[in-house]
There are 2 protein chains.
Amino acid sequence: MLTTTRPTTGEGAQPDLAALASLLADRTRAAFCTALLDGRAWTAGELARHAGVAPSTASEHLTALVEAGLLAEVRQGRHRYVRLASRETAELIEAMSAAAPKAAPPRGLRAVHRSNALARGRTCYDHLAGALGVAVADAVTRQGWIAWEDGPSLTAEGRTGLAALGAELPARTRRPLVRSCLDWTERRPHVAGAVGAALCSRALEAGWLVRPGGGRAVRVTAEGRTVLAGTLGVPDEVLESAGA
Amino acid sequence: MLTTTRPTTGEGAQPDLAALASLLADRTRAAFCTALLDGRAWTAGELARHAGVAPSTASEHLTALVEAGLLAEVRQGRHRYVRLASRETAELIEAMSAAAPKAAPPRGLRAVHRSNALARGRTCYDHLAGALGVAVADAVTRQGWIAWEDGPSLTAEGRTGLAALGAELPARTRRPLVRSCLDWTERRPHVAGAVGAALCSRALEAGWLVRPGGGRAVRVTAEGRTVLAGTLGVPDEVLESAGA
DNA sequence: GGCACGTTTCGGCGGCCGCCGAAACGTGCG
DNA sequence: CGCACGTTTCGGCGGCCGCCGAAACGTGCC
């Protein structure tokens, strides 16, 4: 449990901002949450190796994050699978990442490769980010699918365009159709919300995009290149560098 | 500066989530940011007294928050005025507060009074929150000013209704007209975005609401009661308890 | 049943960080 | 000009917390 007294749900209870922030104020726990932004479930051991700490350390951190409700866990045999608790949690971590100061680039050839791959194209929980994500946002804007006055909104053309791509929107949710999400590599917004999620899942499902490393990084396939350049008008340079 | 190396803006720089979280992971700094959510500028001494720490301690905390870009400061004579750096910063703190665990209610008669006042009605940087904020959100929804399918949006009726109230919307911003903001006392959304800000500033300007304590808490005046009940149909119970 | 492996618990170490008080600085006011 | 007051700097204290390794636990596999 946290350092404060047991959480109360009664009247007058006020948010313990420091308690939440403390959970993410540690390099290791922050690394866990950032890794989990790929939306998949990781085992405790995978996260420990990823963050470069002993399994015992990772175990304690995970317990804290799960108890606080940031992560959800599923025990399967001798594995402990863990993922972000909800879309809201993912959005919070996204928002904080965008506001966070930028750390020095990683050292080591492998790490630099991974970092560059993430900068070219990645998923941000359930939508696209990186140079690719921003280019797609620009493209759909140029096509008139999304208008930006008074906040981002989906146009009628956008609705038919998405349908033509085979990207289905959920019906009657409270979730915003289009949400602007500040990209931390490009420092410009990309498309989140139901539309961003539909585009991304359709692209992965149709094989326009693949995840080479199994992580957050995405790569554009040959078919993807045709579709994204043809239908959306995404510039060739971006597709090239985000391609094979 | 932060514990990590100097922030880089070059390629491959990745967000230091832990560094940002560390800033808010302290009770005192968190209390500062929460207090500053009223949108006004506070002096260092006021914040120190508010958080119950020595002025020297507050000074150091403020330096850290300003250096990190979370707060903006204005030096005036022997006073150091400090406020949240931007609307984005305020929204981040709001979002984190909504996700944070709830601490035990405060002790002491005065603190309980303040806490109850906040729960009845308060500002959330530039819009309304608390029981009053949620009631207003419900009312404008019932009036058909705001629709919630596929995320909150302003209807045509809403536009004319706002104009009739004298609440002016800014022209052509990238800011969303309506944004949903989870209320931490009511656990239900209230209205943020340009519409929420316009409603709140109009209400304060017209004297429908006043800030009795000079903090975030707001109180409904007699005229306010007439307008909010008459035009918006806000229930009388809420207006009564949020009134004088 | 026994081994391997992923995970957990516990003790102990080390470092970081928030706190204060004392003293100094600068500004505004009388 | 000198005092009062808001603020800052610095040293030092204390506590918290993240880390590891060793040992134990439980599961799956041979």
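Here is how names work: the chains are called A, B, and so on, in the same order as the sequence lines, proteins then strands, and each is numbered from 1.
Atom pair A:L65:CG and D:dC17:C1' shows a separation of 14 Å (rounding to whole Å applied). Protein atom CG of A:D26 is 11 Å distant from nucleotide atom P of D:dC17, rounded to whole Å. When rounded to the nearest whole Å, the span between CG of A:L62 and C1' of C:dT9 equals 15 Å. Here D:dC16 presents its C1' atom at 15 Å from CG of A:L23, a figure rounded to the nearest Å. Distance, B:R49 CZ to C:dC20 P: 14 Å, rounded to whole Å. Going from atom CZ of B:R27 over to atom C1' of C:dC17 covers 16 Å, rounded to whole Å. Rounding to whole angstrom units, CH2 of residue A:W42 and C1' of C:dG6 are separated by 17 Å. The separation between B:L47 atom CG and D:dG6 atom C1' is 13 Å, rounded to whole Å.
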Derivation of the salt bridge (charged side-chain N to carboxylate O under 4.0 Å, His left out) call for B:D183 and B:R122: CA-CA 11 Å; B:D183 196 287; B:R122 66 178 178 277; 3.3 Å; yes
Which is it for A:E60 and A:R29 under the salt bridge (charged side-chain N to carboxylate O under 4.0 Å, His left out) test, yes or no, and what are the steps along the way? CA-CA 10 Å; A:E60 289 171 337; A:R29 285 194 298 267; over 6 Å; no
Can you check side-chain hydrogen bond (donor to acceptor under 3.5 Å, both in side chains) on A:T123 and A:R211, steps first, answer last? CA-CA 9 Å; A:T123 53; A:R211 295 185 192 268; 3.0 Å; yes
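A donor-acceptor contact under 3.5 Å links the side chain of A:E60 to the base of C:dC10. Residue A:T28 places no side-chain atom within donor-acceptor reach of the base of D:dG18, judged by atom type and a 3.5 Å distance cut-off alone. For B:S56 against C:dG21, a side-chain N or O and a base N or O form a donor-acceptor pair under 3.5 Å.
Side-chain N/O atoms of A:S86 and A:T89 include a donor and acceptor closer than 3.5 Å.
Using the six-membered ring where Trp is involved, A:H61 and A:F32 have ring planes that are perpendicular, over 60° apart on the 30 and 60° scheme. Under the 30°/60° scheme for interplanar angles, the aromatic rings of A:H50 and A:W42 are found to stand perpendicular.
For DNA chain C, the residues of residues 72-85 of chain B within the heavy-atom distance limit of 4.0 Å (strictly under) are B:G77, B:R78, sorted by number.
Pair assignment for C:dC29 gives D:dG2, based on Watson-Crick or G-U wobble hydrogen-bonding distances that are each under 3.5 Å. Base pairing annotation: C:dA22 forms a Watson-Crick or G-U wobble pair with D:dT9, both donor-acceptor distances under 3.5 Å.
For the pair B:R29 and C:dG18, the criterion of a side-chain N or O lying under 4.0 Å from OP1 or OP2 is met. A close approach under 4.0 Å does not occur between any side-chain nitrogen or oxygen of A:T57 and OP1 or OP2 of D:dG18.
Counting non-hydrogen atoms under 4.0 angstrom, B:T63 reaches nothing in the nucleic acid.
Residue B:E168 places its CD atom among 12 or fewer non-hydrogen atoms of other residues, nucleotides or ligands, all under 6.0 Å distant.
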